[in-house]
Amino acid sequence: MTNAQAPATQPTAVPLNEIESELARQLKIVHGGGEAPVQTAHMSNLIVFCNKFDLGERIAEQIPAVAALHPSRVLLLMGEQDPGENDVSASVQVRTQPAEGRHLVCWEQVTVKARGSAVDRLPFTVRELLIGDLPTNLWWAAAVPPPLAGQFLYDLTEHVQQIIYDSQGWTEPARGVAATASWLVKFERGPMEGQFRVASDLSWRRLRYWRRIIAQALDPGTAPGAAQSISEILIEHGPHAVTQAWQLVSWLASRLNWQVQAGNVEPNVEISWRAAAPKGGLRIRIQRLAESPPEIRRVRIAHAASGKPEAFSIWVHDGRRLAMCPEEGQHSMRTMTIQPQSVPEMVGRQLSDREPDPIFRETMAVAQIFAQGLLS
Amino acid sequence: MAKMLQPTSLDNPLTIGTPKVLLPQPCLLVIFGASGDLSWRKLLPAVYNLNVDGVLPSNFAVVGFGLGSEGDPDEWMHQRARDGIGHFSRQQLDDSNWDDFARALFFVPGSFNDSRAYAQLKARLDAIDAQFGVPGSRVYYLAIPPQLVPVCTEHLKEAGLVHGPNESQSFSRVIVEKPIGRDLESARQINLALAKAFHENQIYRIDHYLGKETVQNLMVMRFANSIFEPLWNEKHIDHVQITVAEEEGLTHRDLKTGEVTGSRIGYYEGVGALRDMVQNHLLQVLCLMAMEPPYSLEPNVVRDAKMAVLRCLHPFTPADVDKFVVRAQYIGGESHGEEVPSYRHEVREYFAAQKKPIPPDSTTETFVAMRLFIDNWRWAGVPFYLRTGKRMPKRGSEVAIQFKTVPQILFNAHPDVPLEPTVLSLRVQPEEGLSLRIASKLPGPKVRIYPVKLEFNYAAGFGGKTPEAYERLLLDVMAGDPTLFMRRDAVEAAWEFVMPILNTWSQSRARYLPEYRAGTWGPLEADRLIEADGRQWRIL
């Protein structure tokens, strides 16, 4: 579907106060031609924020893939702190994509670029471009953890029901995790009573298959006692995926009631903790692989479900599946297919998942404790 | 001393809080009749898609059982599945995904009536359990004719292949395809046979219509929006039309050569549209449309609410059947600009090809229309028109709710130009969606009222691809959620409702049915049925 997307009109530069009229003009052009019924589809207002122009250009290329899964009015904001300049410019474009049947779906993209102190005006520019009665989502595409953006984020999220961010690639993971865990609680409560908001981390979404297959491997129905008798966990990950590994460990710790005791960091090599579980102690290690895609590559869990040491490994198999196999005995590899995990596809799917995820919140609370163990 | 209960998947601390539907449990899916059409067209492609989507448990495998294999059984199964997936899968066949799927795909040859075959099946299933870490849990999909259900369930039980309903470590569930029986008596016998081997909460009577998004959306639309439910009654609704139209006949042909490529005559002849569509699909959709708000989404609460509708259906007398039920059969006509033969021709052709005696001219109906009432406070006096047929101009299923017209004053004052009534239409297929027809003023100084259709299309509005109904329903069975499946009492209540029709028809000994040309919306008799009430069938 993504490949079949086509810009129905060319990006047209417009003054800010003529954005809506230009959109209306372009939509009229689209509706006027062709035989297929054209439907303007908006599931959401999607605000996308990038803190660098070059990042913004890369994100712009991904937006059609997001809209293929979740047609939206897209407001792409690019803001770059440049002390010498102070201006705002905008352009609009209508795009179409085929849907099932005879329909042709169209949606619009407004791109607003700001430099210098004009960046702070972006949240106010957005307000007049939102379509009423639709959910509003913010894709925070900047590499800065959202809580570190201060007032700007506060202004930008005033009308937002969901913020999507990606902790993959954070330069200071411990600081980012600790700050985000505190911020999450306040953000999701919302500025007004009864208002719900959700914060979603794409790294957490990437973990869904890992969590599912680990849950199956430790299921009391198939491996009674395994989850309670874990003695060691090793997670191997590629560069930039340390927060993913961190979240995976924190999730296990929160579900299995582990108490972190001490942590140690060997920069760019390994993070390790000792933890106490209800039935004994365990060792946790997160190891960075020098050359590998930015994701978790392997998890090895040792346990003593049957009273003697056992272990199983889960690894990325042929790039499209997770495979699991116990180390003892004759077993066939068990597999689980992974859906494509490209950023636009994950954003497109996450936009529809608007329910708060208490497991994520609990995981982040534990992740904060793990982080404090290292920061102190 | 109290028995210590082993922990189960339900006690998994890593999945607590996850919606049940997202937790299909480790099991083996055993397909009875794996060489058949349903398995080839629907089931194997559905499982393949679930595997590609990554929603199946990692401890999972598929085992076909039955006759029909040639050569190496597993290899034969692989070829059969690959062919079906290549033709019918929602997602393209891809070598990497296929290899992964085929690793866990097996076939055990054997007759459904041979106890030794079940012993072999059991041995193979145990071996596959060990291979894939499955704790002995099974989903048996009986993709077989209804008359074979009792013999299969009896053998399964005797061979020790059915766990009790309270077994904590593993489960046994059985999926039964519609039609459950061909009348009330045979349905009861099948249900009885099922009950001898399985507890009711282990039985999943599947009606794939209930897995379709729009059908599920019926409840959401009614009970998640405050504007509809206050109008959802006899005070505001004039009538309801439920239509399931199919453009296909019972025989598939190669468009270029005209050669027969497939036929459902063997199943359909003697069954007909009433048993095939009305007794299950249409009545189930009617129940969702007409039921009272259930007090929770617990499976049995929803099913109780649907059951209450079936209990309130006004029963037909023989005189009612003559007056308010129309059956018909298609004669030759056109489909997509091509000539197509009559149903009777297709029947003769089928039996000749099978080298079986050609039966006398068929009186199996390929079209049914009826008017029925629901005798309860909400729906008293509101006619429900049901219609289904083969070889109609196009494929389309919808539930259309026509609201009462506004008083004949103001904009509706001119008796010669009445306002078009407001209609809410829920499309089940194709292009799932809904539309609302309302009256609006045309621009200009003169007050001219014009009907406007507000339209929502699932695919266009929501983006992405919708899973097939079978995919959703298979996952529900693996997760142990029976909400979208028919309960025994509902199946029997639906048969009770249609039995007077079947009895009246059988007593009439008609040699000819009303006819309609292939490629039309049904016989004149059906038009007269609704026009007698001053209404019209909707054009889909």
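All values reported here derive from a predicted model rather than from experimental measurement. Numbered from 1 within each chain, the chains take letters A, B, ... in sequence-line order.
Taking the charged nitrogens against the carboxylate oxygens, A:R320 and B:D94 do have a contact shorter than 4.0 Å, which makes a salt bridge.
Neither the backbone nor the side chain of A:R349 comes within less than 4.5 Å of any heavy atom in chain B. Of the atoms belonging to B:A61, not a single heavy atom falls under 4.5 Å from chain A. Both the backbone and the side chain of A:I214 come within less than 4.5 Å of a heavy atom of chain B.
Highest contact tally toward chain B, considering only A:M324, A:Q339, A:R208, A:H42, is held by A:Q339 [criterion: heavy-atom pairs under 4.5 Å].
Between B:S58 and the options A:R212, A:R334, A:M333, a side chain to side chain contact (heavy atoms under 4.5 Å, CB included) holds for only A:R334. Checked options B:D100, B:V55, B:D53; the residue passing with A:T337 is B:D100 (criterion: side chain to side chain contact (heavy atoms under 4.5 Å, CB included)).
Side-chain atoms of A:R255 and B:I16, non-hydrogen and from C-beta on, do get closer than 4.5 Å to each other. Residues A:Q216 and B:T15 form no side-chain contact, since every pair of their non-hydrogen atoms from C-beta on lies 4.5 Å or further apart.
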For B:V134 and A:T222: C-alpha separation, side-chain torsions, deciding distance, then whether side-chain contact (heavy atoms from CB on, under 4.5 Å) applies.
CA-CA 7 Å; B:V134 177; A:T222 50; over 6 Å; no

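For B:L442, the CG atom is densely surrounded, since the number of other residues' heavy atoms within 6.0 Å is greater than 12. Enclosure of atom CD in A:Q259 is not indicated, since only 12 or fewer non-hydrogen atoms of other residues, nucleotides or ligands lie within 6.0 angstrom.
Annotation for B:S96 and A:R321: closest pair OG-NH2, 2.5 Å, computed over non-hydrogen atoms. Heavy-atom minimum distance, A:Y209 versus B:G54: CE2-O, 3.8 Å. Between A:Q228 and B:P13 the shortest heavy-atom distance is NE2-CG, 4.3 Å. Of all the heavy atoms in A:G221 and B:P135, the pair that sits closest is O-CB, 3.8 Å.
Note: A:T335 OG1 to B:F60 CZ = 11.0 Å, rounded to the nearest 0.5 Å.
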